[in-house]
Structures are given as structure tokens and as C-alpha cells.
There are 2 protein chains.
Amino acid sequence: MEDKRSDCEAINIDIVNKVKPNMPEMRVLYELSDFFKVMGDSTRIQLLWALEESEMCVGDLAVLLNMTKSAVSHQLKVLRVAKLVRSEKKGKNVYYALDDHHVKSILEKALEHIGE
Amino acid sequence: MEDKRSDCEAINIDIVNKVKPNMPEMRVLYELSDFFKVMGDSTRIQLLWALEESEMCVGDLAVLLNMTKSAVSHQLKVLRVAKLVRSEKKGKNVYYALDDHHVKSILEKALEHIGE
DNA sequence: TACATAGTTGAACAACTGTTCATTTGTGTT
DNA sequence: AACACAAATGAACAGTTGTTCAACTATGTA
């Protein structure tokens, strides 16, 4: 039996037992929360929002968000690792673009939630 | 003129100027990122997932997630403040239920994203 | 080749976050 | 009233996160 960390007994064992088998497996759980962690930063939301409209290079994104290139680059890396954006080098510049069609619809759903 | 924090000039001013007026206003921006921050924790995802299936009291949620009542209660408070769940006292127990119909569809969209 | 520019990187720092622990509040029971 | 139990709370702690700063790489140009 696995070690027990809860400091009490179930009050409605039937409900607990009904819900338990439908809980997400560990891997899915962490992929979900990691995804939302990435979305949970105002700088990264701005970057995604901007890239929804047009692909842009790091310097232009820095001007648009009024931040240093370094700060923007760090956050773009987080988005790139999460596979939400992709980058392409064109001469001296690196252009970033959205790499996931779910981002837009999730942002829209979140806006619906907020607008109530 | 507002103070400039970016450490460079725009490379494609036309693109920056086209995108700029469509950027989200500060209030919306923070509401969006705050919402995703709340979703960006594996404990809170588990709580929402469980409550999607059935309303439950704190003790049962603690047993289900194998955590202390205190830890669960702290996270339920975060969800309550974010208006994602509501609570109702029934005798000695406090039952929590989902209080937002967008959560389910956002979780589903996020699952689609992960499943690729 | 030498130089300026675009972007990346890693260390450092302060700010924030989640769990634990001890305590408190409130309800039902004896 | 005294007690047991469910839940909430606040302080404390370790772990994480975002920005800054300085250094570095890579590309285009004089």
C-alpha cells in the first residue's frame, strides 16, 4: 500500500472511489500544469498576443513591449521550449512565429471567462 | 512621452505600429495571466478535475489527492478567490463545487494541445 | 580585418509560491 | 458544558521565477 499523507479519513468513501479512477495520470497532470504555468505570465501573454497578429523579430518585440532584448529573449526561449512558438533566422535577425493553433482558442476561452 | 526601457530601435517600425494598437490593455493582460497562474499548479488542476465530476468536501479531496486538509484548503481558497469554485457549508463539512463553465472547455483545449 | 548590430546565455538578485506546522474557529455530539 | 472533528488561517520555510547585468556568439558592412 502506498504511503498515506492525508491527515483524515474519507467522509464519503463512495464518492472518492467513484472519482479516483477518472483522475488524470501523473504525466498528463504535469503537462497540463506546465502548459498553464507558461501561459501564466503577462510578458509571455503579450508575446503570444503580438505573434498572433504577425511574426516579429526579437528587437521589434522588445520595442513593442518596452523591454530589453535580453528579457524578451529569455521569455521567448520559455515559449520555444514549450513548443508554443518557433524561430527562424533571417540574416542578422531571428523571427518568431506562433507554432500552435490551440493558443488562440485557449486565449479566447480565457477572455470569455474574464468577461463575466 | 513615456520612459523607454527597450535597449534598441525597431527594425520594422511599420509592423510594430500595426500590432501596437491591438495589444491588450493592462487590465485584461493581468486578468489573463492571473487566470493562467491559478491554473498553473498540479494540485489545483487535480482539484478542478475532481470537482468537474462531483462536488466534494475538503476531507474527501484531501484523501483523494493524498494531501493534508490544510494544503487542500489553502489551494481551494486560491480557486475560490479566482471564482473558479464556490463553497457551501453543510453541517460540519464544507462542500466545494465548480463555479465556472469555461474551466472544463479550457482544460479540454489544453489537453488537445498536449496530445500532439 | 575591424566594427557595429542582433540575439543568446548564465549568474545573481529580489519577489513570489506551495507545503508544513501550530493554532483557531465553528459545528455536532455526548 | 466538554469534547471530537472539519476546516480555515497565518507564519515560516524551501524552492521557483522574472528581470537585470555583463559577457559572449554570429551575421552583415565598411
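So you know, we letter chains A, B, ... as the sequences are listed, proteins then strands, and number each from 1.
- Using a 4.0 Å cut-off between charged side-chain N and carboxylate O, B/Arg27 and B/Glu31 make a salt bridge.
- For B/Cys57, the side-chain atoms get nearest to D/dA7 when compared with the rest of D/dA7, D/dA8, C/dT19.
- Checked by distance alone, A/Ser70 brings a side-chain donor or acceptor within 3.5 Å of a matching partner on the base of D/dC21.
- Out of C/dG7, D/dA7, D/dG18, the shortest distance to the side chain of B/Lys69 is found at D/dA7.
- Across all strands shown, B/Leu76 has no heavy atoms under 4.0 Å from either base or sugar-phosphate atoms.
- Not a single donor-acceptor pair, N or O on each side, falls under 3.5 Å between the base of D/dT17 and the side chain of A/His74.
- Put simply, A/Lys77 has a side-chain N or O that comes within less than 4.0 Å of OP1 or OP2 on C/dT9.
- Using a 4.0 Å heavy-atom cutoff across all strands shown, A/Arg5 reaches no nucleic acid atom at all.
- Contact annotation for B/Thr43: backbone-only contact, meaning every heavy-atom pair under 4.0 Å involves sugar-phosphate atoms and none involves a base.
- B/Asn93 has no side-chain polar atom (N or O) that falls below the 4.0 Å cut-off from OP1 or OP2 of C/dT27.
- One finds a side-chain N or O of B/Tyr96 lying less than 4.0 angstrom from the OP1 or OP2 phosphate oxygen of D/dA8.
- When distances are taken from the side chain of B/Lys92 to each of C/dT5, D/dC5, C/dG7, the shortest belongs to D/dC5.
- In this structure, A/Ser73 does not reach the C/dG7 phosphate: none of its side-chain N or O atoms is under 4.0 Å from OP1 or OP2.
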